[in-house]
Every structure is written in structure tokens, then in C-alpha cells.
Asks: 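I'd like to ask you about the structure that follows.
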Amino acid sequence: MSFRNFFAAARAFALVLFFILSGSLASSQPASAVTAAATVRDGNSIQLGDVTYRLDGVDAPELDQVCIDDHADPWTCGIEARDQLAKLINKRSVRCDDVGPEKSFGKRHRALCTAEGDKATLNEQLVKLGYGIAREPIRANVKPAATEAKIASAGIWKGCFVAPQEFRTGKKDGTLLGAACRADRDKEIRAVLFPDDLAMPPSCSIKGKLAVRARVTGNIGIYHLRGCPSYPATTKPDRWFCSEDDAQAAGFRKAYNCRRPK
């Protein structure tokens, strides 16, 4: 081997070794973590300071989502999921280990979150209670808890519901989940899960409408604020949101004729 070839090979080996060591060091470093008082935004989102985290590996019913219970009655399962998360926290400080930005909404991040004094994460506990289903985990291992909740018919699994993702996109022909779903009542169940006149959750007055034209900007719908010209004209909204941040996180853009009232 000539000296020139030997030098080139040595240089290439050194570069490969450098990248391997760099990757090893980076992976050994802990993810950024924040510990603070928590504000529960919805069934799987909490805010620490100025940052909102979605519980990694968890999808929970939306605040305006309706489920059917084990007595075939409709109930506000999204509000119940939020309240269950608040009970798990019980006003304690929460540590959230950031595992990366939310794929569809970069301002929010995914995290493994644990309430002070607990060994199990909130991610796992919420799923085990049956108020969240497993969803695209980056690091969370919630599948065993999800299987346990489904077998025990815990939480929303005791009744009948559609996956939160399918509710968000208005997929009315999506798979029905839960122990109380009946094939002979399919049409009636779907009418309850996707009502024509969706009730507004408390303090969530922003109207959202699914719209094909919103796809031009990469969204699935348009939201309308109180005081905007389009607000009273928007009847039978497909979604209700508590804040613009929530609406944008769900893939909705503000109506072009809508400006925040002064």
C-alpha cells in the first residue's frame, strides 16, 4: 500500500470513529427535563411554564369528544380524561423529560412525565386507567398498560368510542372500539359519537370546521373566534377549541377574515 493510500485509509477510519463516538456520547446524555407546577390542558397534554407537552405514546379523547358508556348513554369522555389526568397529578410538581417535538406541531413537545413521588409515569398510569390509548411512542412503553386496560374494560374501554385521531379528522366510518360496541346498532352509535350539534365544552368557545380548502396551507380545517364576522355564520362546528394554540395543534388555521378583537 502506498503512503498516500495508507494516509487516506487512516483518515477515513478516524472520521468513522469520530462519528461513532459522537453518537454514543449524544445518546448517553439525558434528554432535557423540566420540573414545575403543571397545568392540565386536556387528557394527554400538560403545560409546564411556557411549554406544552403531549404525553409520549398516549392519545386521549379530545375535550369535545363524546363516547358511549356501558349503559349505552353518551358521556363527555374527553373532559373525564382531562379530569383523570388532573387527579393523577393531584397538584404535585411534575417532571417532564423531553423526547422531541410533536411531529405535526413543532411548538409542542412530547415527553415522559412523572408526578412528584411516583415511580410510574403519567403516560403509563393514564393508559392503564383506560383514559388514553397507545399512539406512536418515541420512548414510552405503554403497550402493556394499553393491553391491560382493554382486557379489563377500564375507562373508555367499558363503552364504545372511536380513536381520538379519527374523531379529530371527522372519520365517521372509523373502527368502533370498546366492550359495548354492537354491530346491530352501528348507525345509531355513530350518530351519537359524531353528533350534528356537537356540544361546546366549558370555556372552549372557538369554533372549528373541517374544510378541504384548508389543505392548501397544510391544515385540515379552519377555526373562528368570537367577535369575528365568520363566527355567527359558522353553525354546527365539527370541533370546539379552548385556545388558538389548541386549534393550531389540531391542524386548524385561523379564518382569513378573522382578526382578534381589540
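What's counted below: heavy atoms across the whole structure, side chains too, no hydrogens, waters or symmetry copies. All values reported here derive from a predicted model rather than from experimental measurement.
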Asks: Kindly confirm or rule out a cation-pi arrangement of K209 over Y223, judged by NZ or CZ under 6.0 Å from the six-membered ring centre and within 45° of its axis?
Replies: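 Relative to the ring axis of Y223, which defines the angle, K209 lies outside at least one limit.
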Asks: Going by heavy atoms in the side chains, are D64 and C204 under 4.5 Å from each other?
Replies: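 Sidechains of C204 and D64: no contact.
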Asks: Test salt bridge (charged side-chain N to carboxylate O under 4.0 Å, His left out) on E244 and K254; report intermediate values, then the result.
Replies: CA-CA 8 Å; E244 289 191 70; K254 185 190 294 187; 3.4 Å; yes
Asks: Go through D98 and R139 one step at a time and tell me if the salt bridge (charged side-chain N to carboxylate O under 4.0 Å, His left out) criterion holds.
Replies: CA-CA 10 Å; D98 194 325; R139 280 182 49 195; over 6 Å; no
Asks: Is the shortest heavy-atom distance from the side chain of I89 to the side chain of V94 under 4.5 Å?
Replies: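 Answer yes - side chains close enough.
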Asks: Taking 4.0 angstrom as the limit, do R54 and D42 come out as a salt bridge?
Replies: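 D42 and R54: not salt-bridged.
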Asks: Is a donor from one side chain sitting under 3.5 angstrom from an acceptor on the other, for N219 and Q248?
Replies: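 No, because no side-chain N or O of N219 sits under 3.5 Å from a partner of the opposite role on Q248.
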Asks: Decide, based on the SG atoms alone, whether C67 and C160 are under 2.5 Å apart.
Replies: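 The sulfur gammas are not closer than 2.5 Å, so no.
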Asks: Would the distance check show the side chain of T121 and the main-chain N or O of E124 forming a donor-acceptor pair, the cut-off being under 3.5 Å?
Replies: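 Yes, the answer is positive, given that a donor and an acceptor are paired below the 3.5 Å cut-off.
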Asks: Is the side chain of Q84 donor-acceptor paired with the backbone N or O of G130 at a distance under 3.5 Å, no angle test?
Replies: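 The answer is no, because no donor-acceptor pair under 3.5 Å joins these two groups.
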Asks: Can a donor-acceptor pair be found between the side chains of R41 and S243 at a distance below 3.5 Å?
Replies: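 Yes - a donor-acceptor pair under 3.5 Å links their side chains.
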Asks: Do E62 and R168 meet the salt-bridge criterion of a basic N to acidic O distance under 4.0 Å?
Replies: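 Result for this pair is yes, salt bridge flagged.
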